[in-house]
Structures are given as structure tokens and as C-alpha cells.
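In what follows, residues are counted from 1 in the order of the sequence shown. All ligand and atom numbering here is 1-based and tracks the order in the structure.
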Amino acid sequence: MEVLQAAVLGLSIFLLAQWGYAAPSRMQFYMHDNFNLSPRTVLRVAGSANSTAAFGAVMVIDDLLTEGPSPASQPVGRAQGTYMISALDGSSLLLTFTAVFSRGSENGSTISFHGADRFLLAEREIAVIGGTGKFRMARGFAVLNTTSNTNRATIVGFDVTLQV
Ligand SMILES: *[C@@H]1O[C@H](CO)[C@@H](O)[C@H](O)[C@H]1NC(C)=O
Ligand SMILES: *[C@@H]1O[C@H](CO)[C@@H](O)[C@H](O)[C@H]1NC(C)=O
Ligand SMILES: *[C@@H]1O[C@H](CO)[C@@H](O)[C@H](O)[C@H]1NC(C)=O
């Protein structure tokens, strides 16, 4: 009986491997949202005339992504897309962007992120909704973590879990 169970388990693992099932992988990077630093990477294109923090404000971004929290650390790619303040009280934004990778074997591959970034929380989660190149068929999620926030720039850590 135990031999049979072991044989069935072995066969199942073999078939999953044949079908291309891979264990989830992890990836970390940091996003540099510069609204007053040079080069500026955030542009407010609509919404409140007063503030980037008010409901309805729409921003377009082309933020640098790096391996570490320092903007001087190794570049990974760019976060290109938008976010808009989507909570009436200003406490959350809809973050929708494509991470366009530039390093090594990921050069030119992308991952699409989408979700509610309740940025006042220490940690929040958004979805991975797809990918291209090396990340075709990607699904997963990212845990976000603001590591630095001044009136000139915000740095957000991404801890991404991916099923490709
Ligand atoms: C901008 O701020 C002023 C003063 O706080 C306020 O009276 C006005 O309604 C605000 N305008 C917008 C579009 O939020
Ligand atoms: C990435 O690919 C582009 C062409 O698509 C090339 O110009 C660039 O040098 C490559 N970067 C790296 C780091 O390989
Ligand atoms: C968030 O940042 C803190 C301190 O910088 C760190 O201890 C924690 O592991 C980070 N969490 C994630 C999900 O990156």
C-alpha cells in the first residue's frame, strides 16, 4: 500500500513537472517616486488643483526600480503607468503600472501590477495581473512597504510572489 502511495505521489510530481507547474518565486525591488527630486518621475495630470493627495488626483509615473532601497543601488527597470487617489478621504490610491525590466535575462520582460494601495498602512498588498517575455502568464501578488517618505520623494519596497 505504501509502495503504491509513493508511486502515485512520484507520478503526480512527474506529471506536474511535465505540465510546467513551477513553485512560486520571489522578487524584491524598490520604487522611487520623485515628485520634487530631479529627475522628476511623477506628473499630476488631473484632479484637485491644490494637492496630489486629494481624491481625484491622477498621476502618471515613470519611476526608477532598483534592487535596494537606495536610489543609487543597482537598477532593475522602470515602473510605467498611473496612480490616482481613489478613496474619498485620500487614504488610498489605485496603482496600475507595468514594471519594464532592464537587467540581465529579464531585459524587455514586464510584469503588470494593479490594486488598491492603502499607503498609510505599513504593509499592503496589490495584485500581479500578468506579464510578458520571461513573465508570460504571471499571476501573484506584491506586498508593499513605504521605506522613505518626504515631500520630495517616496520609496516603496515591493516583495513580489509570482507564479509564472
Ligand atoms: C483648494 O484649497 C482651498 C483652500 O484650502 C479651498 O478653498 C479650495 O476649495 C481647494 N480647491 C480644490 C479644487 O480642492
Ligand atoms: C536591453 O535591451 C536593449 C534592446 O532592447 C539594449 O539596448 C540594452 O542594452 C539591454 N540592456 C541590458 C542591460 O542588457
Ligand atoms: C518593510 O520594512 C521593514 C523595515 O524597513 C522590514 O522590516 C519589513 O520586512 C518590510 N516588509 C516588506 C514586506 O518588505
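The main-chain N or O of Asn36 is never found under 3.5 Å from a side-chain atom of Asn34 such that the two would form a donor-acceptor pair. At distances below 3.5 Å, not a single donor-acceptor pair connects side-chain atoms of Ser109 with backbone N or O atoms of Gly133.
Of the protein's heavy atoms, none falls inside 4.0 Å of atom 9 (O) of ligand 2. The presence of a protein heavy atom under 4.0 Å from atom 5 (O) of ligand 2 is ruled out.
Proximity of Asn145 to Asp159: side-chain heavy atoms (C-beta onward) are nowhere separated by under 4.5 Å.
Protein heavy atom nearest atom 13 (C) of ligand 2, with residue, atom name and distance: Ser102 O, 3.2 Å.
Looking at ligand 2, you'll find an N or O of Asn107 within less than 3.5 Å of one of its N or O atoms.
In summary, Asp63 and Arg78 do not engage in a salt bridge, as defined by a charged side-chain N under 4.0 Å from a carboxylate O.
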